[in-house]
Amino acid sequence: MSRARVDVHALLEAFGPEAGALPDCYAEGSAASHWPLLVDALRQTGWVVQWNSDGSHVLAEQAASRLAAGDSIRVHPTSSVQVNFFDWGEVAFDFDLRELTDQSAADALCDVIALGGTALGRDVRVFEEGAADDEVLRYSVADSTFILRRPRSA
């Protein structure tokens, strides 16, 4: 995919050493009704996409186009990066900062974020784990760019 990228070192520095491992991500202003758009976009990527329903894994192609309570979608844009989508009344997801070991991993994460934002027509906001008022990264769907906050001073 040829999308905007974020430098892996700058991204990790923006989170800082005290950040939780699983940043919280939201498609701004999304709702449960947006799930079919995201699922359709994910199906077209060629990525490994697994739907977790009632503790059992099924391929996204075999699942309904909307999550039920407690369901999640696991997306592997590469073998080393996993993004977990949840239906919390909106399109929400997380990823593991520890998986961002090189630029290709950061690029894969950016591809997932950009795909979600583009498919839904909504900005995607990334926050430190458990800190919904501490935005670290934003994907702007209007101009297909990532906006990264400045690193915190030590």
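This chain uses plain numbering: 1 for the first residue, then up along the sequence. All figures in this text were calculated on a predicted structure; none of them were measured in a lab.
Judged by distance alone, the side chains of D40 and Q44 never bring a donor and an acceptor atom under 3.5 Å apart. Under 3.5 Å, the side chains of D107 and S104 contain no donor-acceptor pair of N or O atoms.
Hydrophobic clustering (side-chain heavy atoms under 4.5 Å, transitive across Ile, Leu, Val, Met, Phe, Trp, Tyr) keeps V6 apart from I147. In the hydrophobic clustering of ILVMFWY residues, with side-chain heavy atoms under 4.5 Å counting as a link, L97 and V136 come out together. Cluster annotation: L148 is connected to L12 through the hydrophobic network of ILVMFWY side chains, with a link wherever side-chain heavy atoms come within less than 4.5 Å.
No donor-acceptor pair under 3.5 Å is formed between the side chain of Q82 and the backbone N or O of H76.
Expressed to the nearest 0.5 Å, how far CD of Q50 lies from CD1 of I73 amounts to 11.0 Å. The CG atom of L42 sits 6.5 Å away from the CH2 atom of W47 when rounded to the nearest 0.5 Å. Rounding to the nearest 0.5 Å places CZ of F95 at 9.5 Å from CG of D24. In this structure, CZ on R149 lies 9.0 Å from CD on E135, to the nearest 0.5 angstrom. Taking OG of S30 as the start and CD of E90 as the end, the distance is 5.0 Å to the nearest 0.5 Å. Rounding to the nearest 0.5 angstrom, the gap separating the OG1 atom in T118 from the CG atom in L38 is 11.0 Å.
Looking at heavy atoms from C-beta onward, V91 lies out of side-chain contact with Y26 at the 4.5 angstrom threshold. Counting heavy atoms from C-beta outward, F146 and I113 have side chains that approach closer than 4.5 Å. Contact check for V39 versus W51: side-chain heavy atoms found under the 4.5 Å cut-off. In this structure the side chain of Y139 reaches within 4.5 angstrom of the side chain of S144, judged on heavy atoms.
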Practice task
Please test D111 against R5 for salt bridge (charged side-chain N to carboxylate O under 4.0 Å, His left out), starting from the C-alpha separation and ending with a verdict.
Solution key: CA-CA 8 Å; D111 285 344; R5 303 283 196 243; 2.5 Å; yes
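In terms of heavy-atom proximity, R122 sits nearest to E28 at CD-O, 3.1 Å. The minimum heavy-atom distance between V75 and P77, with the atom names listed, is O-CD, 3.4 Å. When every heavy atom of G117 is checked against every heavy atom of V141, the shortest pair comes out as O-CG2, 3.4 Å. When all heavy atoms are compared, the tightest approach of E128 to F15 is OE2-O, 3.5 Å. Here the closest non-hydrogen pair linking N84 and R74 is OD1-CG, 3.5 Å. Counting all heavy atoms, side chain and backbone alike, L100 lies closest to V8 at O-CG2, 3.7 Å.
The aromatic rings of F93 and F85 sit tilted, their planes meeting at an angle between 30° and 60°.
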